[in-house]
Engineer: 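Take this structure, written in structure tokens, and hold onto it; I'll ask about it next.
For this chain, numbers begin at 1 and follow the sequence in order.
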Amino acid sequence: MISILENAFIKVEISTQGAELQSIFNKQSQLEYLWQGDPAVWPRKAPVLFPIVGKVKDNRYTYAGKEYSLPQHGFARDQEFKLVSSTSSAVVYRLQQSEASLKNFPFEFQLDIVYTINQSTVTVEYKIQNPSAAADLYFSIGAHPGFRCPLTNNETFEDYYLEFEKTEKLSRVLLDGGLRGDAREEVTLTENKLPLSVDLFGPKDAIVVSGLNSECISLKSTKSAHGLHFNYKNYPWFGIWSKPGPFICLEPWMGVADDIHSTQQLTEKESIQLLKPKTNTSFSYSIELF
């Protein structure tokens with residue numbers, strides 16, 4: 001089922017399948033901003049990564065002496081969420097534990113995803129609650145929205161760049177079979193700008209960095225005035241990813257893939273989040289179109 005949020009500036013569509021964004025349409029410029037998926041390249045659009053981000057080593061982890069299995073980025077992106085409430089400017093989706101989820105993720109949880117629009121901005125909020133009266137909840141969560149790049153027909157991917165709000169020294173963690181390897185590589189910025197090219201990704205996969213100073217990354221073009229400001233806060237990890245295709249993903253993460261030396265103990269996992277019984281937390285990001 002599709003929900004629509006709409007005002008004079010933008011029209012946004014979200015599906016109950018994965019609580020995933022389906023469209024971010026700029027009514028002023030008549031441009032679609034969200035990657036529309038291509039099975040030959042990358043079929044998804046903006047999946048929610050929960051209860052893990054990236055891979056666990058060998059797709060397995062251990063908790064309380066028992067071994068479990070989870071696929072890359074977890075299971076939420078493939079689940080049907082419940083529509084909790086909907087207006088023209090906000091919609092709330094919910095996912096909770098089930099018999100199926102408890103087999104490989106032995107925790108009670110409530111995940112609410114809230115989409116809100118205000119003028120030309122879409123805000124996404126993840127609200128996670130531990131409903132258990134006695135047991136801890138360990139989890140990671142992350143965003144994976146893909147944006148059309150280029151946005152117009154007379155541009156190329158290479159006409160675009162990412163502009164960081166503050167001065168950064170980008171040291172990417174090089175991936176090894178989807179896991180964090182030991183090697184790092186500096187990514188050169190010029191005046192806080194990263195020109196986009198397919199060579200940035202390819203066999204090296206995503207640019208995975210931690211400890212950014214910036215709380216905003218802007219996607220801009222050298223040939224047009226169209227782009228977006230991507231605002232986020234207090235996320236320890238950030239991923240930037242593309243494949244040979246006209247899109248770029250901007251991904252704030254509360255968690256990250258295992259490294260190649262992982263003990264596979266969930267409680268020792270890098271940047272794993274812990275919610276004590278009957279507590280909750282939230283994380284958000286926003287996309288401002290221009």
Engineer: I'd like to know if V53 and V48 are part of one continuous hydrophobic network [Ile/Leu/Val/Met/Phe/Trp/Tyr, side-chain heavy atoms within less than 4.5 Å].
Structural biologist: no
Engineer: First locate atom CG of L274, then atom OG1 of T267, and finally report the distance between them rounded to the nearest 0.5 Å.
Structural biologist: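 If we round to the nearest 0.5 Å, L274:CG and T267:OG1 are 9.5 Å apart.
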Engineer: Given 3.5 Å as the limit, does a donor-acceptor pair link the side chain of Y235 with the main chain of S284, or not?
Structural biologist: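 Yes: the side chain of Y235 pairs with the backbone of S284.
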Engineer: When the ring planes of H144 and H73 are compared, do they come out parallel, tilted or perpendicular, using 30° and 60° as the limits?
Structural biologist: perpendicular
Engineer: Treating E168 as the side-chain partner and N213 as the backbone partner, does any N or O pair qualify as donor plus acceptor under 3.5 Å?
Structural biologist: yes
Engineer: What verdict does the side chain to side chain contact (heavy atoms under 4.5 Å, CB included) test give for E270 and W237, after you've listed the backbone C-alpha separation in whole Å, the side-chain angles of each residue and the deciding distance to 0.1 Å?
Structural biologist: CA-CA 10 Å; E270 175 67 37; W237 293 88; 3.9 Å; yes
Engineer: Assess the side chains of W253 and S140: does a donor N or O sit below 3.5 Å from an acceptor N or O?
Structural biologist: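 On atom types as modelled, these side chains do not qualify, holding no pair under 3.5 Å.
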Engineer: Please work out which of the three classes, parallel, tilted or perpendicular, describes the rings of Y93 and F81, given edges at 30° and 60°.
Structural biologist: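 The rings of F81 and Y93 stand perpendicular, inter-plane angle above 60°.
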Engineer: Could you check whether any side-chain heavy atom of W35 comes within less than 4.5 Å of a side-chain heavy atom of P145, counting everything from C-beta outward?
Structural biologist: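 W35 does not reach P145 side chain to side chain.
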Engineer: State whether the number of non-hydrogen atoms from other residues, nucleotides or ligands found under 6.0 Å of K169 atom NZ is greater than 12.
Structural biologist: no
Engineer: Check for me, please, whether I217 and Y160 land in the same ILVMFWY cluster - side-chain distances under 4.5 Å, paths through other members count.
Structural biologist: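 Same hydrophobic cluster.
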Engineer: Any donor-acceptor pair under 3.5 Å linking the side-chain atoms of Q264 with those of T62?
Structural biologist: no
Engineer: Got a second to check how far S221's OG is from L151's CG, nearest 0.5 Å?
Structural biologist: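 Taking OG in S221 and CG in L151, the distance rounds to 8.0 Å.
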Engineer: Look at the side chain of N7 and the backbone N and O of F9, then say whether any donor-acceptor pair between them is shorter than 3.5 Å.
Structural biologist: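 The answer is yes, because a donor-acceptor pair under 3.5 Å joins these two groups.
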Engineer: Atom CD of Q265 and atom OH of Y61: how far apart are they, to the nearest 0.5 Å?
Structural biologist: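 These two atoms lie 11.5 Å from each other.
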Engineer: Which class fits the ring pair F105 and F75: parallel under 30°, tilted 30 to 60°, perpendicular over 60°?
Structural biologist: perpendicular
Engineer: Quick check on ring-ring contact (aromatic ring centres under 6.0 Å, His included): which of W42, F201, F147 does W241 satisfy it with?
Structural biologist: W42
Engineer: Calculate, to the nearest 0.5 Å, the distance between atoms OG1 and CD belonging to T16 and Q79 respectively.
Structural biologist: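 It is 12.0 Å, given to the nearest 0.5 Å.
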Engineer: Under a plain distance cut-off of 3.5 Å, with no hydrogens placed, do T281 and Q273 share a side-chain donor-acceptor pair?
Structural biologist: no
Engineer: Using the side chain to side chain contact (heavy atoms under 4.5 Å, CB included) rule, take L212 and L170 through it: C-alpha gap first, then chi angles, then the decisive distance, then the call.
Structural biologist: CA-CA 8 Å; L212 288 177; L170 294 189; 3.5 Å; yes
Engineer: Using a distance-only test with no angle check, is there a side-chain donor-acceptor pair under 3.5 angstrom linking T116 and E125?
Structural biologist: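 The criterion, which ignores hydrogens and geometry beyond distance, is not satisfied for E125 and T116.
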Engineer: Test F230 against Y285 for ring pair (Phe, Tyr, Trp, His ring centres under 6.0 Å), laying out the working first.
Structural biologist: CA-CA 7 Å; F230 191 93; Y285 70 92; 5.1 Å; yes
Engineer: If you define the side chain from C-beta out and look only at heavy atoms, does anything of L21 sit under 4.5 Å from K45?
Structural biologist: no
Engineer: Would you say D182 and H261 are linked by a side-chain donor-acceptor pair, where the criterion is simply a distance under 3.5 Å?
Structural biologist: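 Side chains of H261 and D182: pair found under 3.5 Å.
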Engineer: Scan E13, Q36, E32 and name whichever one has a side-chain hydrogen bond (donor to acceptor under 3.5 Å, both in side chains) with S23.
Structural biologist: E32
Engineer: Please say which of V173, I260, L174 ends up in a side chain to side chain contact (heavy atoms under 4.5 Å, CB included) with R180.
Structural biologist: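 Of the listed options, the one satisfying the test is V173.
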Engineer: Spell out, as yes or no, whether a donor-acceptor pair under 3.5 Å connects the side chain of N26 to the backbone of Y33.
Structural biologist: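 Flag not set: sc N26 to bb Y33 has no pair under 3.5 Å.
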Engineer: Apply side chain to side chain contact (heavy atoms under 4.5 Å, CB included) to the pair I117 and I10, showing each step before the final yes or no.
Structural biologist: CA-CA 8 Å; I117 61 170; I10 56 175; 3.9 Å; yes
Engineer: Is there a donor-acceptor contact under 3.5 Å from the side chain of E108 to the main chain of N130?
Structural biologist: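 Pair absent, no side-chain N/O of E108 close to backbone of N130.
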Engineer: Applying the 4.5 Å side-chain criterion to the ILVMFWY set and letting contacts propagate, would F247 and Y161 be lumped into a single cluster?
Structural biologist: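 Each belongs to a different hydrophobic cluster.
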Engineer: Between CD1 of I207 and CD1 of I248, what distance do you get to the nearest 0.5 Å?
Structural biologist: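 If I round to the nearest 0.5 Å, the distance is 7.0 Å.
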Engineer: Hey, do the aromatic rings of H226 and F290 have their centres closer than 6.0 Å?
Structural biologist: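 Ring centres of F290 and H226 not closer than 6.0 Å.
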Engineer: Are L111 and I141 packed together at the side-chain level, in the sense that at least one heavy-atom pair is separated by less than 4.5 angstrom?
Structural biologist: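 Touching, per the 4.5 Å side-chain cut-off.
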Engineer: What do you reckon, is CD of E191 surrounded by more than 12 foreign heavy atoms closer than 6.0 Å?
Structural biologist: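 Counting other residues, nucleotides and ligands, CD of E191 stays at 12 neighbours or fewer.
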Engineer: Could you verify whether a donor N or O on one side chain and an acceptor N or O on the other, from E215 and Y232, lie under 3.5 Å apart?
Structural biologist: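 No, no side-chain donor-acceptor pair sits under 3.5 Å.
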Engineer: Check whether S69 reaches the backbone of N59 with its side chain - one donor and one acceptor, N or O, closer than 3.5 Å.
Structural biologist: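 Indeed, once roles are kept as given, a pair shorter than 3.5 Å links the two residues.
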Engineer: Would you kindly say whether E20 and S15 are connected by a side-chain donor-acceptor distance under 3.5 Å?
Structural biologist: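 On atom types as modelled, these side chains do not qualify, holding no pair under 3.5 Å.
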Engineer: Using 4.0 Å as the upper bound for N to carboxylate O, is an ion pair formed by R172 and E186?
Structural biologist: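 No, this pair does not count.
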Engineer: Under the criterion side chain to side chain donor-acceptor pair (under 3.5 Å), I'd like the reasoning laid out for D259 against S262: C-alpha separation, chi angles, the key distance, then a yes or no.
Structural biologist: CA-CA 5 Å; D259 69 26; S262 170; 5.3 Å; no
Engineer: Does any part of the side chain of L137, heavy atoms only, come nearer than 4.5 Å to the side chain of T279, both counted from C-beta?
Structural biologist: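 They are not in contact (no side-chain heavy atoms under 4.5 Å apart), so the answer is no.
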Engineer: Could you tell me whether K220 and E163 have a side-chain N and a carboxylate O separated by less than 4.0 Å?
Structural biologist: yes
Engineer: For E6 and S88, does a side-chain donor sit closer than 3.5 Å to a side-chain acceptor?
Structural biologist: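 No.
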Engineer: Quick check for you: to the nearest 0.5 Å, what is the distance between N118 atom CG and L5 atom CG?
Structural biologist: 12.0 Å
Engineer: Hey, is K269 close enough to D258 for a salt bridge, meaning N to O under 4.0 Å?
Structural biologist: yes
Engineer: Between S197 and D199, do the side chains contain an N or O donor and an N or O acceptor separated by less than 3.5 Å?
Structural biologist: no
Engineer: Is there a chain of hydrophobic side chains (I, L, V, M, F, W, Y, each step under 4.5 Å between heavy atoms) that links I52 to Y126?
Structural biologist: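 Linked within one cluster.
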Engineer: Given side chains that start at C-beta, do those of L289 and L31 come closer than 4.5 Å, heavy atoms only?
Structural biologist: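 No, their side chains stay 4.5 Å or more apart.
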Engineer: Determine, step by step, whether E185 and S171 satisfy the side chain to side chain donor-acceptor pair (under 3.5 Å) criterion, reporting the C-alpha distance in whole Å, the side-chain angles of both residues, the deciding distance to 0.1 Å, and the verdict.
Structural biologist: CA-CA 5 Å; E185 179 182 88; S171 178; over 6 Å; no
Engineer: Carefully, step by step, assess D136 and L275 under the rule side chain to side chain contact (heavy atoms under 4.5 Å, CB included).
Structural biologist: CA-CA 6 Å; D136 292 339; L275 269 182; over 6 Å; no
Engineer: Pick from R94, Q129, Q96, K82: which one makes a side-chain hydrogen bond (donor to acceptor under 3.5 Å, both in side chains) with D112?
Structural biologist: R94
Engineer: Counting neighbours of NZ on K127 that are heavy atoms of other residues, nucleotides or ligands and sit closer than 6.0 Å, is the number greater than 12?
Structural biologist: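 Open.
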Engineer: Give a yes or no answer on whether the side chain of S98 reaches the backbone of S101 with a donor-acceptor pair at less than 3.5 Å.
Structural biologist: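 Side chain of S98 to backbone of S101, a donor-acceptor pair under 3.5 Å: yes, one is there.
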Engineer: Using ring-ring contact (aromatic ring centres under 6.0 Å, His included) as the criterion, point out the one residue from Y68, F139, F107 that pairs with Y63.
Structural biologist: F107
Engineer: Donor-acceptor pair, T87 side chain versus A90 backbone, under 3.5 Å?
Structural biologist: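 Looks like yes, one N/O pair under 3.5 Å.
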Engineer: Could you state whether I2 and V92 fall into the same hydrophobic cluster, counting links through intermediate Ile, Leu, Val, Met, Phe, Trp or Tyr residues with side-chain heavy atoms under 4.5 angstrom apart?
Structural biologist: no
